[in-house]
Amino acid sequence: MTYRGLSIDELHALLVSKKVTPLQLAEEALILAKKDSNNAFEYIMEKEALEFAASLKEPEVNNPLWGIPFVIKDNFSTKDIPTTASSNILKGYVPVYDATVVEKLKEAKAVAIGKVTLDELAMGGTGTSGHLGMTFNPHDRSHKRLVGGSSCGSAACTADGYVPFALGSDTGDSTRKPASYAGLVGFKPTWSLISRYGLFPFAPSLDTVGIFARNVKDSAYVLNALAGHDDKDSTSSVRPIDDYAGEIEKINPKTKVAVIKGILNSISDKTVLDKFNETVKSLKDAGFAVDYVDIDEKILSSLFPTYFVISCAEATSNNANLDGIKFGPYYNGATFEDVVTQARTNGFSELIKRRFIIGNFALMKENQNDLFLRAQKNRRVIVDAVNKVLKDYDFIYCPAAPSIAPKVGEASDRLSNEYLIADNHLVIANFAGLPSITLPIGIKDGMPFGANITGRAFEDKQVLQMAFELEKHTGLKNLVAKGE
Ligand code: GLN
């Protein structure tokens, strides 16, 4: 019997009826992890997983995560387990504490199987820039296609069925874009709903914990376990949380959905557009109001540059502690500057250095007004435009990406609207802190592609309800990569 590819619900039923034990599930997940051909693992937690799983004896009927295996993006702090953020500068770093989300999943008795790859320090969207090299998309066994990033390992392990869910993070789209490329549900909840204590900061005004699963309800189970205030994260919300899974079927029949025309117009792939419009029709046929609305194209094409300036600036200051003294290997040198220069020169790849240079440049006194503050002001313009749409509509609904997962080296024209808008619009939800979910809507050349639903802040429950409804229309859930 194999449990590969089963959902949380299915595994829970087997666990509760004692047809399988947490230990058996952990053993199989570990075998799959060891045989992994996606280059998805930084560290396999064999000993820890077996020990913990063996300690779980009596099934908890009302706890859907009891005994369920999962993987953790390697930018979450894990006590006594090496954590690298897929960067050479953190090679050998072993944290002394667990991130709150890791602790919460431990309390829920879910079983961590391993730490998985990312684009270095979560800065990237391809899954190719981590220190172990590229992570492959399991839907293409020839290893020619990206799985996307930065949460590449989380996406690969979930799509390949090793585990039913994974922890990721999302600063611009790092959960929702790989979810589109890998046929998964990728959820970025409202900023502050989940504690980020122990998540390595990239750009904290945008950073959110992300959840990967293979169906919408499974994502809601995980959110139930993770949401809520944490004294260790002063930015975490004190609002009461909802029962996201329990109320998933209670969608408001008067729901109104907005499709942003400028995003659709920037996509050239006919299959993606046709399939997307088909889902719109299906939602309309079911009685939901769906309108095509405008956001000024100038605002849409400013998303990426604005994101890049803000995220690089924040990344620069937040990663200043990776200096070979506080964190990272110590190099002998005559001066402080010499020590830091050696650690950072050897520790970071070119891509990261480029981001830090851009960030520093934007933060320089003489450039701040023209770059950093201008980007901040434009962020406000973007957020106002989005919130204006969300005054009249409950959700914004759009294709998550302009295409299926690109092939390695398939470069897009970075000044085209397709790149600036269709490839980067998911960042809207980070700018405004909104709950945002991607789920599969179609398949082309054997590769899945997804659409995205974004709702109002703290309406995570409603976003999940809408996604659950859409999932019924597409019939695409529990997708697992074929072969191997
Ligand atoms: N792809 C985006 C970037 O490269 C988003 C990264 C993220 O969400 N962590 O910055």
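Ligands are counted one by one from 1 in listed order, and the atoms in each one are counted from 1 as well. Here, residue 1 is the first one in the sequence, and each next residue gets the next number.
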| Is it true that Y97 and Y197 have ring centroids separated by less than 6.0 Å? | yes
| message | Taking 4.0 Å as the limit for heavy-atom contacts, which would you say applies to D173 with ligand 1: side chain only, backbone only, both, or neither? | response | both
| task | Using the test ring-ring contact (aromatic ring centres under 6.0 Å, His included), find all partners of F200 that sit at least two apart in sequence or belong to another chain. | result | none
| message | Taking side chain to side chain contact (heavy atoms under 4.5 Å, CB included) as the definition, give me every residue that meets it alongside A33, ordered by chain and number, with sequence neighbours left out. | response | F41, I44, I113
| field | No-hydrogen, no-angle side-chain donor-acceptor test under 3.5 Å, S205 and R379 | value | yes
| Do any nitrogen or oxygen atoms of K73 come within less than 3.5 Å of a nitrogen or oxygen of ligand 1? | no
| note | Nearest non-hydrogen protein atom to atom 4 (O) of ligand 1, with distance, is R355 NH2, 2.7 Å
| query | Any N or O on G124 sitting closer than 3.5 Å to an N or O of ligand 1? | reply | yes
| note | Note: heavy atom closest to atom 8 (O) of ligand 1, options G172, G168, S169, belongs to G172
| query | Is the cationic atom of R239 (NZ for Lys, CZ for Arg) positioned less than 6.0 Å from the six-membered ring centroid of F458 and within 45 degrees of its normal? | reply | yes
| note | closest protein heavy atom to atom 3 (C) of ligand 1 is Y307 OH, 3.3 Å
| query | Can D74 and T84 be counted as having a side-chain donor-acceptor contact under 3.5 angstrom? | reply | yes
| message | Test your reading of the structure: does M123 have an N or O sitting under 3.5 Å from an N or O of ligand 1? | response | no
| Residue G125 vicinity, atoms of ligand 1 by number, heavy atom under 4.0 Å | 1 (N), 4 (O)
| Do any heavy atoms of S150 fall under 4.0 Å from ligand 1? | yes
| said: Can you report which non-hydrogen protein atom sits closest to atom 6 (C) of ligand 1, along with the distance? | reply: S174 OG, 2.9 Å
| Distance only, no hydrogens: is a donor on one side chain within 3.5 Å (strictly under) of an acceptor on the other, for N75 and S169? | yes
